[in-house]
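Quick note: residue numbers are just sequence positions, from 1.
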Amino acid sequence: VARDILVVIKQWQAENSIAAEGTHFRLMVPVNERGQEHRKMPACNHCTMVNLDRTPSQIENELSLLASITQEMGVIRKYRLSLNFLRALSVYRWLPGGLERQLSPEKVSSTALFTNLGYVLPKYSETKSKKHQSLAIEEFTLLAPLNRGMVASLCMYYLRNELRLALQY
């Protein structure tokens with residue numbers, strides 16, 4: 001999916017004659033840091049972010065792009081390099097003005113955000129009250145945040161054994 005997001009954004013920019021700002025595309029990808037000790041915790045509360053940076057020329061060959069993403073994510077998982085995001089936040093927190101400077105809404109450091117929530121089940125699918133008939137949630141959509149300056153955000157999740165993709169652009 002990460003490969004396809006990068007390819008589609010590059011194609012969309014070319015088709016719409018939009019010049020890319022900067023020299024590379026950056027895809028922010030969440031990495032689940034949950035282990036067996038976290039299995040009773042609610043979902044989506046123990047993750048970090050990693051950047052997948054690619055130049056336009058690296059996106060040209062889709063097979064080598066997929067191989068490079070697979071290899072990079074394998075190294076990130078094997079050596080738990082995704083924890084560097086939390087380490088960097090900790091360092092910025094102690095520097096005077098560090099977090100404010102890094103988290104400025106004027107500074108965009110990502111082209112797109114991708115999140116994979118896995119299997120999602122509504123905790124309460126039916127609610128009853130004395131005043132109302134039964135209410136049932138039949139459908140809902142989860143969206144990844146889309147910040148100013150980002151081209152797109154994609155949220156992938158399973159609901160009722162169906163793969164759902166929600167794209168904001």
Side-chain angles (χ1 to χ4, degrees), residues 1-39 41-92 102-121 141-169:
V1 174
R3 178 203 65 180
D4 293 341
I5 291 171
L6 291 168
V7 169
V8 166
I9 290 172
K10 185 174 182 297
Q11 288 172 348
W12 180 81
Q13 285 184 334
E15 290 169 5
N16 292 285
S17 301
I18 297 173
E21 293 182 22
T23 58
H24 64 277
F25 293 87
R26 173 168 286 168
L27 180 61
M28 297 290 290
V29 180
V31 176
N32 184 5
E33 294 295 338
R34 294 165 61 112
Q36 288 294 333
E37 69 276 13
H38 303 110
R39 68 179 174 266
M41 293 174 68
C44 300
N45 59 357
H46 196 68
C47 68
T48 60
M49 301 292 277
V50 296
N51 302 328
L52 293 180
D53 294 339
R54 297 296 184 273
T55 62
S57 63
Q58 291 174 313
I59 299 173
E60 293 293 326
N61 184 330
E62 294 181 26
L63 287 176
S64 67
L65 177 61
L66 178 60
S68 73
I69 290 171
T70 301
Q71 188 267 339
E72 185 174 346
M73 291 303 296
V75 169
I76 288 168
R77 285 189 184 104
K78 180 177 180 180
Y79 297 107
R80 299 195 70 196
L81 297 177
S82 56
L83 294 175
N84 289 344
F85 176 76
L86 296 176
R87 293 175 186 127
L89 285 179
S90 180
V91 169
Y92 288 132
Q102 290 300 317
L103 302 176
S104 167
E106 303 302 319
K107 181 180 176 182
V108 178
S109 58
S110 298
T111 307
L113 170 73
F114 168 66
T115 186
N116 178 0
L117 298 179
Y119 288 91
V120 178
L121 297 172
T141 302
L142 300 171
L143 298 172
L146 182 62
N147 298 321
R148 180 177 28 182
M150 290 176 65
V151 176
S153 68
L154 177 70
C155 181
M156 183 171 77
Y157 59 99
Y158 284 91
L159 179 65
R160 295 188 204 107
N161 292 324
E162 293 178 358
L163 176 63
R164 310 266 178 119
L165 298 172
L167 173 67
Q168 287 194 86
Y169 60 93

Quiz item: So do Leu81 and Val50 actually touch side chain to side chain, heavy atoms under 4.5 Å?
Solution: no
Self-check item: Pairwise side-chain contact, Gln11 with Val7, heavy-atom cut-off 4.5 Å (strictly under)
Solution: yes
Exercise. Only counting residues at least two apart or in another chain, list the ones meeting side chain to side chain donor-acceptor pair (under 3.5 Å) with Arg54.
Key: Ser68, Glu72
Practice problem: Would you name the heavy atoms of Arg87 and Arg80 that are closest together and state the gap between them? | Solution: NH1-O, 4.3 Å
Self-check item: Backbone N/O of Asp53 and side chain of Asn51: donor-acceptor pair under 3.5 Å
Solution: no
Self-check item: Qualifying residues under side chain to side chain donor-acceptor pair (under 3.5 Å), relative to Glu162, sequence neighbours excluded
Solution: Arg164
Exercise. Indicate the atoms forming the closest heavy-atom contact of Ser82 with Ile76, along with that distance.
Key: N-CG2, 3.8 Å
Self-check item: Interatomic distance, Arg26 atom CZ to Leu6 atom CG [nearest 0.5 angstrom]
Solution: 12.0 Å
Exercise. For Ser57, check side chain to side chain donor-acceptor pair (under 3.5 Å) against everything at least two apart and list the hits.
Key: Thr55
Quiz item: About how many Å separate CG of Leu27 and CD1 of Ile9, when rounded to the nearest 0.5 Å?
Solution: 7.0 Å
Exercise. Working to the nearest 0.5 Å, report the span between CG of Leu63 and CD of Glu60.
Key: 13.5 Å
Quiz item: Can you tell if the side chain of Ile69 reaches within under 4.5 Å of the side chain of Met73, non-hydrogen atoms only?
Solution: yes
